[in-house]
Every structure is written in C-alpha cells, then in structure tokens.
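Beneath this line is the structure, given in structure tokens, with notes to follow.
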Amino acid sequence: MPYYVITYDVSEQRVNKIRKILKKYFVWVQNSVFEGEISLGKLEKCKQELLRVIDQREDSIYIYKVHRLTDLDKQVIGVEKEFTDNFL
C-alpha cells in the first residue's frame, strides 16, 4: 500500500474537524502532520471528507506520497508519538 505524509494549515475553527477526519485514516505524528499507509480508495474517501470541511480559499492540505518507503529516512528529536496514541 502507498505511504503518505499529510500536512495541513487550516483556520482555527476547522482544525479539530480536520484532525478528527485524518485520525480515522492516518497516524497523528505532530500537531498538523499525519502519516501512514492507505489504499487509494480510502485516500479518495478521506480527501472527499476533507473537501466538505475546508475552505479552499483559506485552507491548505498537502499530501506527499512516499514512492519507496525504503528510501524514507525519518529522524525524530524528542518524543515520537506511538500508533496507540491515536486510540481514545
């Protein structure tokens, strides 16, 4: 499955809605950063949910596809969030 990194910059009034949508599909790794593997079908569903919430004149969401996960070199300084941090 493809691996993605998602970042967003949205109006404060929509931040919680965006975060809630992305938590259903990805791992929350930092305040406005999510990442993880996802099928193309689920990615499209996620994007449709995001489009219903954002204001495209003000907000932005960046979707980065990692083509080869073996080439991803991630370095974390400080506390790395665990996958289980997403469960309520």
Just how far is it from atom OH of Tyr62 to atom CD1 of Ile6, taken to the nearest 0.5 Å?
13.0 Å

State, to 0.1 Å, how close Pro2 and Lys65 come at their nearest heavy-atom pair, and which atoms those are.
CB-CE, 3.9 Å

Quick check on side-chain contact (heavy atoms from CB on, under 4.5 Å): which of Val53, Leu50, Asp9, Ile54 does Asp59 satisfy it with?
Ile54

Side-chain contact, heavy-atom cut-off 4.5 Å: Tyr8 with Leu22?
yes

Rounded distance [0.5 Å steps], OG in Ser11 versus NZ in Lys17
10.5 Å

The salt bridge (charged side-chain N to carboxylate O under 4.0 Å, His left out) partners of Lys42 (sequence neighbours excluded) come to none

Does any part of the side chain of Arg52, heavy atoms only, come nearer than 4.5 Å to the side chain of Glu49, both counted from C-beta?
yes

Test item: Glu35 and Val66 side chains (from C-beta on) under 4.5 Å apart, heavy atoms
no

Residues, nucleotides or ligands: over 12 heavy atoms within 6.0 Å of Lys20 NZ:
no

In terms of heavy-atom contacts, Glu58 and Arg14 come closest through OE1-NH2, 3.3 Å

Are Ile63 and Met1 linked, directly or through other ILVMFWY residues, by side chains that come within less than 4.5 angstrom of each other?
no

Cluster question for you: counting only ILVMFWY and a side-chain heavy-atom cut-off of under 4.5 Å, with indirect links fine, are Ile38 and Leu40 together?
yes

Quick one: closest heavy-atom pair of Asn31 and Trp28, and the distance?
O-NE1, 3.2 Å

Could you tell me how the ring of Phe26 sits relative to the ring of Tyr4: parallel (under 30°), tilted (30 to 60°) or perpendicular (over 60°)?
perpendicular

Side chains of Leu51 and Gln56: does their closest heavy-atom pair fall under 4.5 Å?
yes

